[in-house]
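Here the structure comes first, spelled out in structure tokens, and everything after it is commentary.
In this chain, numbering begins with 1 at the start of the sequence shown.
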Amino acid sequence: MSSIKKFQVTFDCAEPERVARFWCEVLGYVAPPPPEGFATWDEFNRSLPSEEQDSWFACSDPSGVGPRLYFQRVPEGKVAKNRVHLDVRAGTGLAGDERLAALEAECARLVALGAVHLQTLVADEENESCINMQDIEGNEFCLD
């Protein structure tokens, strides 16, 4: 029998700290304190060689339950649909109109943070409602 492993979710992006702080707002995650010996992340970044400055950022679930999110700078932009995406559980335990209203309210909050609303899929006989979105760099995610 295999043991359960902890994991982190890694995002390739152009602006790691900006994208990380967006996801902190979406999920209620927090950024870690700056490394020991530095008062701020800006101070830490200034201590690095220029090619390494702002090259990564991370955030985590303050309760310690959810996975760590790691954001790394890559030179290329996003060119295709994500093969893996996050489902943000904004409608858990809700159904029908109540679920759709909760999802739409969360969608409006996230759009105000810079997310893009792509499509609302309304419940049918088989599936509950969900909303397809993109984060501030175009990575797809769903509100469900």
Heavy-atom closest pair, residues Phe57 and Ala20:
CD2-CB, 3.5 Å
Got a second to check how far Gln53's CD is from Arg73's CZ, nearest 0.5 Å?
8.5 Å
Treat each ILVMFWY residue as a node, draw an edge where side-chain heavy atoms are under 4.5 Å apart, and state whether Val26 and Leu143 are in one component.
yes
Which word best sums up how the rings of Phe11 and Phe71 line up, parallel for under 30°, tilted for 30 to 60°, or perpendicular for over 60°?
parallel
Are Arg46 and Glu43 close enough, and set up right, to give a salt bridge (Lys or Arg N to Asp or Glu O under 4.0 Å), and what steps lead you there?
CA-CA 5 Å; Arg46 285 192 303 270; Glu43 183 183 326; 5.3 Å; no
Flag yes if Ile136 and Tyr29 sit in one hydrophobic cluster, no otherwise; membership is Ile, Leu, Val, Met, Phe, Trp, Tyr, and two members link when side-chain heavy atoms are under 4.5 Å apart.
yes
Return the minimal non-hydrogen interatomic distance between Leu94 and Ala102, and the atom names on each side.
CD1-CB, 3.6 Å
In this structure, are over 12 heavy atoms from other groups packed under 6.0 Å from Glu125 atom CD?
no
Taking everything shown except Glu98 itself, do over 12 heavy atoms lie less than 6.0 Å from its CD?
no
CG/Asn45 to CD/Glu52 distance, rounded to the nearest 0.5 angstrom?
10.0 Å
Got a second to check how far Asp12's CG is from Asn82's CG, nearest 0.5 Å?
10.0 Å
To check you understand the geometry: which heavy-atom pair defines the closest contact between Ala115 and Met133, and what is its length?
CB-CE, 3.8 Å
Report the distance from atom CZ of Arg68 to atom SG of Cys59, rounding to the nearest 0.5 Å.
9.0 Å
Between Glu104 and Ile131, is there a side-chain heavy-atom distance shorter than 4.5 Å?
yes
Using a distance-only test with no angle check, is there a side-chain donor-acceptor pair under 3.5 angstrom linking Asn139 and Gln134?
no
Could you give the distance from CG (Leu110) to CZ (Phe141), rounded to the nearest 0.5 Å?
5.0 Å
Is it the case that more than 12 heavy atoms not belonging to Asp124 sit under 6.0 Å from its CG atom?
yes
Spatial distance of atom OG1 (Thr92) from atom CG (Asp144) [nearest 0.5 Å]:
6.5 Å
I need the minimum non-hydrogen distance between Glu25 and Leu113, along with the two atoms involved.
CB-CD1, 3.6 Å
One pair to check against salt bridge (Lys or Arg N to Asp or Glu O under 4.0 Å): Glu17 and Arg21. What are the steps and the verdict?
CA-CA 6 Å; Glu17 184 173 352; Arg21 293 198 183 276; 2.8 Å; yes
Quick check: closest heavy atoms across His85 and Cys142, and the distance to 0.1 Å?
NE2-SG, 3.7 Å
Between the side chains of Thr40 and Asp42, does any donor sit under 3.5 Å from an acceptor?
no
Close side-chain approach of Trp23 to Val88, heavy-atom, < 4.5 Å
yes
Under a 4.5 Å side-chain heavy-atom rule over Ile, Leu, Val, Met, Phe, Trp and Tyr, are Leu48 and Tyr70 clustered together?
yes
If you take all heavy atoms of Ala58 and Pro32, which pair is closest and at what distance?
O-CD, 3.0 Å
Minimum side-chain heavy-atom gap Leu103-Thr120 below 4.5 Å
no
Note, Glu137 side chain near Lys78 side chain (heavy atom, < 4.5 Å)
no
Just so I know, are the side chains of Val9 and Leu86 near enough to count as touching, which here means a heavy-atom distance under 4.5 Å?
yes
Do Leu69 and Leu27 make a side-chain contact, defined as non-hydrogen atoms from C-beta onward lying under 4.5 Å apart?
yes
